[in-house]
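Count residues from 1 along the sequence.
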Amino acid sequence: MESNEQVAGREALTGARRVVVKIGSALLTNDGRGLDEAAIGGWVDQIAALHRRGVEVVLVSSGAVAAGMVRLGWQARPSAVHELQAAAAVGQNGLTECYEGHFARHGLLTAQVLLTHDDLSNRKRYLNARSALRTLVDLRVVPVINENDTVVTDEIRFGDNDTLGALVANLLEADALVILTDQEGLFDADPRGNPEARLISEGRADDPALAAVAGGGGALGRGGMATKIRAAHLAARSGAYTAIASGRQPEVLTRLMAGERLGTLLRPDQAPIAARKRWLAGQLQVRGTLTLDAGAVKVLRESGSSLLAVGVRAVAGQFRRGDMVQCVDETGQRVAKGLVNYGADDAARILGKPSHQIEAILGFMEAPELIHRDNLVVL
Ligand SMILES: Nc1ncnc2c1ncn2[C@@H]1O[C@H](COP(=O)(O)OP(=O)(O)O)[C@@H](O)[C@H]1O
Ligand SMILES: N[C@@H](CCC(=O)OP(=O)(O)O)C(=O)O
């Protein structure tokens, strides 16, 4: 974390050409009082102004469940999945209508894009989603993205739109992810319970100290600051800056994009990683765990090598060839994840063995490595 005196990259936002703006539930629904039409109109005006200056803006908007609850007259967020799905279906309608109407005032078209985790985890569907979104952006249409809450189950959900926003920023190689929420930014403690909490103006997206101060969300939002910090970390993988700011600040988007020091700016420190590796890194579901010995950890981290069975100590989980597994060191710390070339049973039989023995042990050899370096991302 850094003090306010250290300016770090505010000017980077002034040069941003493609920006993902994520608007959270708490803000959109004015803490549960239904869609805040006036506020939405204000954000749309700012997005349209940016658009006129040539900035491409993609919107990730929450609020379907919260808006649906209000339309249905429900006081509390239901816990049953089918009720959440119903509320989302009702609310998403209102959300789309509202954005469409406001953008139309500026002569801009919108496109509703509802995604599930599967759409981004299956490589083919990921590439499809990417080309559809790129086409919309090229057509100067404003995509309005949300999770497809009506069909998702817990197994396949992003859960919070901060993560979805970051994955969209990766997908489109956006320069910045702007997360608008109901607080001024990230504080050194949750300001809801700590009136003394201080705003963190700038920091590094992968500073581990940030996770320690970020708490959970309010009654309407899902992720709180914890998911916003994780989102910044994910967005940084494609080189995007993340700004977290209050959507209630007048002209927040245009001021942020003019380099004004509002909210919290988290900068990417590492060189952007290649698109395929980012896709791997964005995968949320892992089917198993490989425990690596110290030598394997070292070569993965330092030389970007493939993972060989000889460096694996233990296998856990029921995974099949091609599934995503995580690699941990002997203390359980996550080291990498990747797509495995052998299913769990075969992997268990070859662990600790040199590659030239694989054929003799299994009767076949899919590949000499357990995870090829092209399918592996070090975390
Ligand atoms: N360190 C922190 N700084 C700021 N807000 C925090 C922090 N930790 C937890 N929060 C909570 O996160 C909430 C915002 O997240 P959330 O409710 O998920 O909203 P959204 O719908 O905008 O994503 C804030 O209202 C706040 O109570
Ligand atoms: N997809 C959900 C949004 C999930 C959610 O609330 O996310 P967030 O705004 O990040 O706390 C909806 O539209 O209701």
Side-chain angles (χ1 to χ4, degrees), residues 13-14 16-68 70-71 88 90-115 132-133 135-147 161-162 164-165 168-169 172 174-184 220-221 242-260 262-263:
L13 293 186
T14 60
R17 301 272 41 98
R18 185 175 287 174
V19 179
V20 176
V21 176
K22 182 261 172 176
I23 309 183
S25 301
L27 187 60
L28 269 162
T29 57
N30 214 348
D31 248 341
R33 290 188 283 274
L35 285 181
D36 187 340
E37 292 249 2
I40 292 175
W43 298 313
V44 168
D45 292 346
Q46 297 172 55
I47 293 173
L50 293 171
H51 219 261
R52 280 193 294 275
R53 281 179 229 155
V55 180
E56 296 167 346
V57 182
V58 173
L59 201 52
V60 172
S61 177
S62 308
V65 173
V70 175
R71 283 190 163 193
V90 172
Q92 184 64 35
N93 247 15
L95 208 53
T96 309
E97 243 172 57
C98 183
Y99 281 116
E100 189 173 45
H102 283 295
F103 277 107
R105 290 191 283 108
H106 298 277
L108 286 171
L109 284 176
T110 53
Q112 173 180 263
V113 180
L114 300 178
L115 295 171
L133 282 170
T135 308
L136 288 168
V137 167
D138 289 346
L139 290 168
R140 310 290 293 150
V141 171
V142 182
V144 182
I145 305 176
N146 196 356
E147 180 157 21
N161 274 356
D162 302 318
L164 177 58
V168 169
L172 292 172
D175 303 302
L177 167 66
V178 178
I179 299 180
L180 295 185
T181 185
D182 61 347
Q183 299 290 343
E184 293 300 327
L220 288 159
T242 296
I244 306 170
S246 165
R248 300 203 177 105
Q249 276 281 354
E251 295 294 326
V252 58
L253 291 172
T254 40
R255 286 164 64 197
L256 268 175
M257 301 318 285
E260 196 174 317
L262 282 176

| note | On a heavy-atom basis, the closest approach of Ser61 and Asn146 is O-CG, 3.1 Å
| field | Test item: Arg140 side-chain N/O and His51 main-chain N/O as donor-acceptor pair under 3.5 Å | value | yes
| Atom CG in Asn161, atom OG in Ser25: separation rounded to 0.5 Å? | 7.0 Å
| When rounded to the nearest 0.5 angstrom, what is the spacing between CZ in Arg105 and NE2 in His102? | 5.5 Å
| field | Qualifying residue, where the test is side-chain contact (heavy atoms from CB on, under 4.5 Å) with Pro143 and the options are Thr135, Leu109, Val20, Val137 | value | Val137
| field | Where Leu35 and Cys98 come nearest, the two heavy atoms and their spacing | value | CD1-CB, 4.4 Å
| task | Of all the heavy-atom pairs spanning Leu177 and Ala169, show the shortest one and how long it is. | result | CB-CB, 4.5 Å
| What is the minimum heavy-atom distance between Gly165 and Val60, and which atoms define it? | CA-CG2, 4.0 Å
| request: Could you grab the distance from atom CG of Leu13 to atom CD of Glu260, nearest 0.5 Å is fine? | output: 11.5 Å
| query | What is the minimum heavy-atom distance between Thr96 and Gln112, and which atoms define it? | reply | OG1-OE1, 2.6 Å
| field | Any Leu180 side-chain heavy atom under 4.5 Å of Leu253 side chain | value | yes
| field | Which atom of Val252 lies closest to which atom of Leu262, heavy atoms considered | value | O-CD1, 4.0 Å
| request: Return yes if some donor-acceptor pair links the side-chain N/O of Arg255 with the main-chain N/O of Pro250 below 3.5 Å, else return no. | output: yes
| remark: When Thr254, Val57, Val21 are each screened for side-chain contact (heavy atoms from CB on, under 4.5 Å) with Gln46, the one that passes is Thr254
| message | Measuring from atom OG1 of Thr110 to atom CZ of Phe103, what distance do you get when rounded to the nearest 0.5 angstrom? | response | 7.5 Å
| Distance from Leu256 atom CG to Ile244 atom CD1, nearest 0.5 Å? | 11.0 Å
| Interatomic distance, Leu136 atom CG to Ile145 atom CD1 [nearest 0.5 angstrom] | 8.5 Å
| query | Is the backbone N or O of Leu27 less than 3.5 Å from a side-chain atom of Asp182, with the two atoms forming a donor-acceptor pair by type? | reply | no
| query | Can you find a pair of side-chain heavy atoms, one from Thr14 and one from Met257, that are under 4.5 Å apart? | reply | no
